[in-house]
Every structure is written in C-alpha cells, then in structure tokens.
Amino acid sequence: MNKGTDKAMEFNTKAVAPETIKADCLAVGFFEDSGMTAAARRVDRLSGGAIRAAMASGDMKGKRGSVVVLRGLGGLACSRVAVVGLGKSTDFGDKAFADVVTATLRGCGAGASSIVFAATEWKVAGRTAQWNARAMVLAARASAFRSDELKSKVAASGDDERNRKLRISLLADKRDRALDEGLRQGEAIANGMELTKRLGNLPGNVCTPEFLAAQARKLAREWGLKVQVFDRRQIEALGMGSFISVTNGSVQPPRFIVLRYQGAGGTAFADPVALVGKGITFDSGGISLKPGSAMDEMKYDMCGAGTVLGTLRAVAELKLKINVVGVIPACENLPSGSATKPGDIVTSMSGQTIEVLNTDAEGRLVLCDALTYVQRFKPAAIIDIATLTGACVVALGNVHTGLFSTDDALAGELLSAASAASDLAWRMPVDEEYQDQLKSNFADMANIGLPGNAGAVTAACFLARYVKGQSWAHLDIAGTAWRGGAAKGATGRPVPLLTEFLMKRAG
Ligand code: BES
Ligand code: MN
Ligand code: ZN
C-alpha cells in the first residue's frame with residue numbers, strides 16, 4: 001500500500017566525473033538546435049565518438065522525449081548511456097523538463113535500477129539548478145505513482161515493477177548544498193502530493209468523512225501535529241447550521257477536522273496561516289441531483305481537504321518555521337427523505353441566513369462555517385481550497401487554478417508561488433458588483449447566482465461574505481485537482497503552490 005512515505009525511489013547528488021560513475025545508466029541531454037550538452041560531449045569524447053556515430057546514423061536527432069540507449073561504451077564505468085532528446089533549447093520550459101525526465105525513466109530499460117541524470121545542464125530559462133533538482137524528483141515520483149491499493153491482483157502478487165527500487169542521482173560539477181536542498185524539497189512535496197492523490201482517488205465508500213478524520217489523526221501522530229475531530233453533536237453546538245444542512249441526507253456521520261502545525265518560534269500558536277479545505281467525500285448534488293454521466297468523479301470533491309492534509313505533510317517534513325492551521329468540513333451530499341430541499345433556509349455559524357436554492361451548491365455551505373470557525377485562531381491569512389464550481393472548469397480548463405482574493409498582496413504572493421512551483425493559477429475577480437446576484441427575498445443571501453453567469457465568481461463572492469476584514473484567498477481547483485478521461489485520477493495540485501507559498505512565508 002502506498003502510504004506516501006515511499007522509499008522505493010531514492011535521490012542523491014553525485015559530484016564526480018561522469019566517466020567514474022558506476023550506475024546502470026547515465027542520462028545525458030542533447031538539444032535539437034544547440035546539440036550536445038557538456039556531459040554528452042564528454043561521453044562522446046571518452047567513448048571515441050559513440051554519440052556522433054549515433055547521430056550520423058540518423059538514430060538521434062534530439063527530438064524532445066526521444067531516448068537512445070548506448071551500451072558497453074569504452075572509457076566509461078557505466079553500463080548504459082541514455083542520450084535524451086531535449087527538443088529545441090529555445091522552447092525548453094517547465095513542462096518540457098518534466099516530460100524529458102519521464103521519457104528518460106521509461107527509455108532507460110527495465111534492468112536499470114540506478115540512474116544518474118546529468119540534468120543540471122538541461123537549462124530552463126529563468127530557473128536555477130535547484131529548481132531542476134526539485135523538478136527532477138517531482139517528475140520521477142509522478143511517473144512512478146500508481147493507485148492500485150484496491151486491485152486484488154497487485155496486492156496478491158509480490159509484483160516486480162512496483163517493488164522495483166530505483167536510485168536516482170543528479171550529476172553535479174561540484175558539491176552544491178542547493179542541489180541537495182532541491183532534492184529534499186522535491187521529496188517532501190512529492191510525499192504531500194501522493195497523500196493528496198491517494199485520498200482523491202479512493203472511492204466514496206472508502207474515503208468517508210470518518211476516514212478523512214482517521215487520516216488526519218495518523219498525520220498528527222506521525223508528524224507531531226495537534227488534531228481535533230468534532231462529531232455531529234459538536235458541530236451543531238458550534239452553530240454550524242449551514243454545514244449541517246449539507247450532511248442531512250447522508251447516513252455517513254460528518255466530521256469537522258482541525259489540525260495545527262506549530263513550526264514558528266514561541267510557545268503560543270500565533271499568526272498561523274489557515275488552510276480550509278472542502279471535504280465533500282461524495283457530491284451527488286443532493287435533491288438538486290446531478291446528471292448521471294461521470295458522476296463517479298464527484299468522489300474527488302474532497303480534494304480541497306486532501307490538499308490541506310498533503311500540504312501539512314510537506315510542511316512538517318520540511319520543518320518550516322511557520323504556524324499553520326488546517327480546517328476540513330467533511331461530509332457527503334446525498335438526497336434522501338431527510339435531505340435539505342431547495343428553498344430551505346439555514347443559519348450559518350456567522351449568524352447570516354442562507355436560502356438554499358440549489359442543494360448542489362453545497363461546497364460554499366460547508367466552507368462558510370469553516371471560514372467563520374477558523375477566525376478564532378486570528379490567522380495571518382486564510383486560504384480556502386475547493387473543487388467549488390463547474391464554471392471554473394469552463395473558464396480555465398485543467399491548466400490554471402482559479403485564484404480569488406480581496407487582498408492584492410496575498411494574491412500576488414500566491415501567483416508568484418504558483419509560477420515558482422510550476423503549479424499555475426490565474427487571478428479572477430471578486431468585485432462587489434457581482435454580489436447583487438446573491439440577493440434573496442427571504443434570507444440574507446441565496447446560495448447561487450444567475451444561471452450561466454460568472455458562476456465561479458459568484459461562488460467566491462458568497463465566501464467573501466464570511467471573511468470580511470480578513471486577509472483571504474480562495475483557490476477553485478475544480479479543473480486542476482484531477483484529470484478525467486484515460487489518465488483519470490487526482491493530480492496532487494495545488495500542494496506544490498501552497499508549499500511554495502508557505503516556504504516563502506516561513507523565510
Ligand atoms: N463539486 C461541484 C463542482 C464541480 C463540478 C467540480 C464539476 C468539478 C467538476 C460543486 O459542488 C457544484 O456542484 N457546483 C455547482 C454550482 C451550481 C449549482 C451553482 C456547479 O458548478 O454546477
Ligand atoms: Mn455540488
Ligand atoms: Zn461539490
């Protein structure tokens with residue numbers, strides 16, 4: 001079972017001459033336009049022109065992702081050399097770097113269990129060598145990740161591929177602490193992302209609110225966090241009538257989870273960054289039932305919660321000097337005789353009343369109470385993460401996370417963290433003008449705006465009513481937290497973005 005503490009892959013740096021490397025494979029790069037990288041030229045010279053010969057034969061043109069494996073080269077201690085096509089150096093970006101790492105691992109051969117990447121010279125414009133180290137780890141770990149813990153055959157067989165140990169090294173000119181640090185960051189972020197992915201991929205009948213609570217307790221035990229889990233009675237006692245209205249149709253008991261990581265100096269839990277994650281373990285839409293096609297994908301509706309857990313894991317592993325509180329309202333959204341009905345009016349913990357015009361707009365109903373609750377920690381910033389709207393998918397697809405914030409400075413920090421972490425986000429508006437759409441004749445607000453009219457924005461505007469005077473941002477990850485189609489599965493986003501943001505905040 002993948003617990004996200006996978007030691008099947010180990011990473012280190014090697015500051016040695018390429019010819020002395022005794023690994024199963026040495027991977028050197030080759031640009032389509034500028035030709036061989038320094039390591040490739042050196043291998044070519046030592047081997048008496050083996051790479052040049054491959055080029056002359058037409059086997060190797062440097063096309064991005066092409067891998068030519070040369071064996072038994074003279075002058076080298078390494079049994080294989082993988083010559084990796086990097087494509088054109090002029091358009092070698094973040095994604096190209098990740099793609100060629102993945103292609104190398106695939107191309108090296110099943111027998112290679114130790115691979116040395118000469119990847120510091122696979123230069124991406126604007127990126128440091130430390131970034132390369134981190135990105136190499138993330139790409140390698142992503143390519144090895146499987147969600148097969150519920151496949152009976154895998155569990156039974158002492159399987160080859162998944163038990164294969166891989167030692168991956170980054171070749172360096174000289175000892176460089178920044179590279180080791182890059183590897184360490186990459187591993188912590190990969191561990192966090194894998195936790196997030198695993199929870200996202202588990203089905204609703206396994207990953208229930210109580211299952212999420214058990215994961216939170218386990219995380220707390222393993223990483224020294226404080227954890228509290230509130231049950232239905234306690235949630236009611238806190239006055240979270242809006243949250244409770246969403247769980248009413250389900251027989252799975254709801255959970256309200258609070259996790260605290262204390263990394264900053266001092267004895268008080270002061271000025272934490274608050275992460276609030278939507279934890280709908282299955283969203284059928286409730287009485288406003290969703291259409292049947294692809295409804296299974298609504299098991300991913302707890303990816304905000306998964307992101308909070310994954311980010312806390314990364315933060316704890318990196319021992320960041322910052323305080324973080326994670327809050328997760330977790331429940332199911334199902335129809336039944338006891339479910340909330342369209343038109344029902346509920347009272348949130350803040351005292352504001354809500355007319356539930358559509359029971360499928362449930363994310364904001366659980367988040368608003370969590371946003372009210374978390375203010376008791378006097379947070380320095382509140383960031384909520386939610387698979388909140390289909391409208392955000394329409395607007396941004398699965399490339400950019402929607403970023404909404406009433407605080408320009410916080411939005412700026414998150415956008416720069418997003419680009420530093422190659423975990424893209426795009427700022428969307430939350431202007432007052434949209435608030436009109438949430439007017440209700442019978443309550444303080446409605447839970448939906450006009451159909452087909454800026455749905456991602458009005459959802460954010462609803463949340464904004466619960467964080468007045470706070471430094472707040474909302475990440476709509478409906479399009480980025482998972483992929484549909486053949487490569488169906490959770491992506492682990494935006495754990496890299498948030499971890500980067502917290503690393504910067506921690507200084
Ligand atoms: N969990 C969904 C949002 C969602 C939709 C995520 C598709 C990923 C893919 C959310 O609870 C929802 O149902 N939102 C509604 C809101 C509407 C009723 C105002 C939506 O987007 O349709
Ligand atoms: Mn919904
Ligand atoms: Zn939902």
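Quick caveat: nothing in here was measured; it's all calculated off a predicted structure. Whatever order the structure lists ligands and atoms in, that order sets their numbers, starting from 1. Quick note: residue numbers are just sequence positions, from 1. Atoms considered below: every heavy atom in the structure, side chains included; atoms not considered: hydrogens, waters and symmetry mates.
- Residues S350 and Q352 bring a donor and an acceptor atom of their side chains to less than 3.5 Å of each other.
- Below 3.5 Å of separation, one finds an N or O of K278 facing an N or O of ligand 1.
- Pairing each heavy atom of C331 with each of V246, the nearest pair is SG-CG1, 3.7 Å.
- Taking a cut-off of 2.8 Å, the protein N, O or S atoms nearer than that to the Zn ion (ligand 3) are K278 NZ, D283 OD2, D301 OD2, E362 OE2.
- Aromatic ring centroids of F97 and W131 lie under 6.0 Å apart.
- The pair E194-R198 fails the salt-bridge criterion, with no side-chain N (NZ, NE, NH1 or NH2) lying under 4.0 Å from an Asp/Glu carboxylate O.
- Residue contacts with ligand 1: R364 is placed with no nitrogen or oxygen under 3.5 Å of a nitrogen or oxygen of the ligand (distance criterion only).
- Scanning the protein heavy atoms around atom 6 (C) of ligand 1, the nearest turns out to be A478 CB, 3.6 Å.
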Check: Could you walk me through whether V346 and T353 pass the side chain to side chain contact (heavy atoms under 4.5 Å, CB included) check?
Finding: CA-CA 6 Å; V346 301; T353 59; over 6 Å; no
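- The angle that D283 OD2 and D360 O make at the Mn ion (ligand 2), rounded to 10°, works out to 170°.
- Ring orientation note: the planes of F377 and F269 are nearly perpendicular, at an angle over 60° on the 30°/60° scale.
- Nearest to atom 9 (C) of ligand 1 among the protein's heavy atoms is M298 CE, 3.6 Å.
- Not a single N, O or S atom of D301, from either the backbone or the side chain, sits less than 2.8 Å from the Mn ion (ligand 2).
- Between E236 and R233, none of the side-chain N atoms (NZ, or NE/NH1/NH2) sits under 4.0 Å from a carboxylate O, so this pair counts as no salt bridge.
- D360 and S288 share no donor-acceptor pair across their side chains, judged by distance under 3.5 Å alone.
- Residue contacts with ligand 1 for E297 are absent, since no atom lies close enough (heavy atoms, distance under 4.0 Å).
- Residue D301 places at least one N or O, backbone or side chain, under 3.5 Å from an N or O of ligand 1.
- The protein atom (non-hydrogen) at minimum distance from atom 20 (C) of ligand 1 is G390 N, 3.8 Å.
- For the pair R64 and D91, the salt-bridge criterion is met [side-chain N within less than 4.0 Å of a carboxylate O].
- A cation-pi arrangement is not found for R255 relative to F230, the charged atom failing to lie both closer than 6.0 Å to the ring centre and inside a 45° cone about the ring normal.
- For the pair W482 and ligand 1, the shortest N or O to N or O distance does not fall below 3.5 Å.
- T480 pairs with exactly one of T387, D423, T401, N398 by the side-chain hydrogen bond (donor to acceptor under 3.5 Å, both in side chains) rule, that one being T401.
- Note: no N/O pair closer than 3.5 Å links G363 and ligand 1 by distance alone.
- What sits closest to atom 18 (C) of ligand 1 on the protein, heavy atoms only, is N358 ND2, 3.5 Å.
- Protein heavy atom closest to atom 12 (C) of ligand 1, with residue, atom name and distance, is D360 O, 3.2 Å.
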Checklist line | Residue pair R127, D94: steps toward the salt bridge (Lys or Arg N to Asp or Glu O under 4.0 Å) verdict | finding: CA-CA 9 Å; R127 298 300 194 187; D94 295 3; 2.6 Å; yes
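- Look at F282 and you'll find every heavy atom at least 4.0 Å from all atoms of ligand 1.
- Using modelled atom types, one finds no donor on one side chain facing an acceptor on the other under 3.5 Å when comparing N447 with E355.
- When the Mn ion (ligand 2) is compared with the N/O/S atoms of E362, atom OE1 turns out nearest.
- Using a cut-off of 4.0 Å between Lys/Arg side-chain N and Asp/Glu carboxylate O, R505 and E413 are scored as salt-bridged.
- The minimum heavy-atom distance linking N333 with S284 is given by the pair O-OG, 2.7 Å.
- Within the listing of ligand 1, atoms 11 (O) sit less than 4.0 angstrom from a heavy atom of E362.
- Scanning D283, V394, I448 for the heavy atom closest to atom 19 (C) of ligand 1 points to I448.
- Of the candidates I328, I383, D384, V325, L275 forms a side-chain contact (heavy atoms from CB on, under 4.5 Å) with just one, namely I383.
- Residue-ligand proximity, T387 to ligand 1, at heavy-atom distances under 4.0 Å covers atoms 1 (N), 2 (C), 3 (C), 6 (C).
- Ranking the protein heavy atoms by distance from atom 14 (N) of ligand 1 puts L388 O, 3.4 Å first.
- Counting protein heavy atoms under 4.0 angstrom from atom 22 (O) of ligand 1 gives zero.
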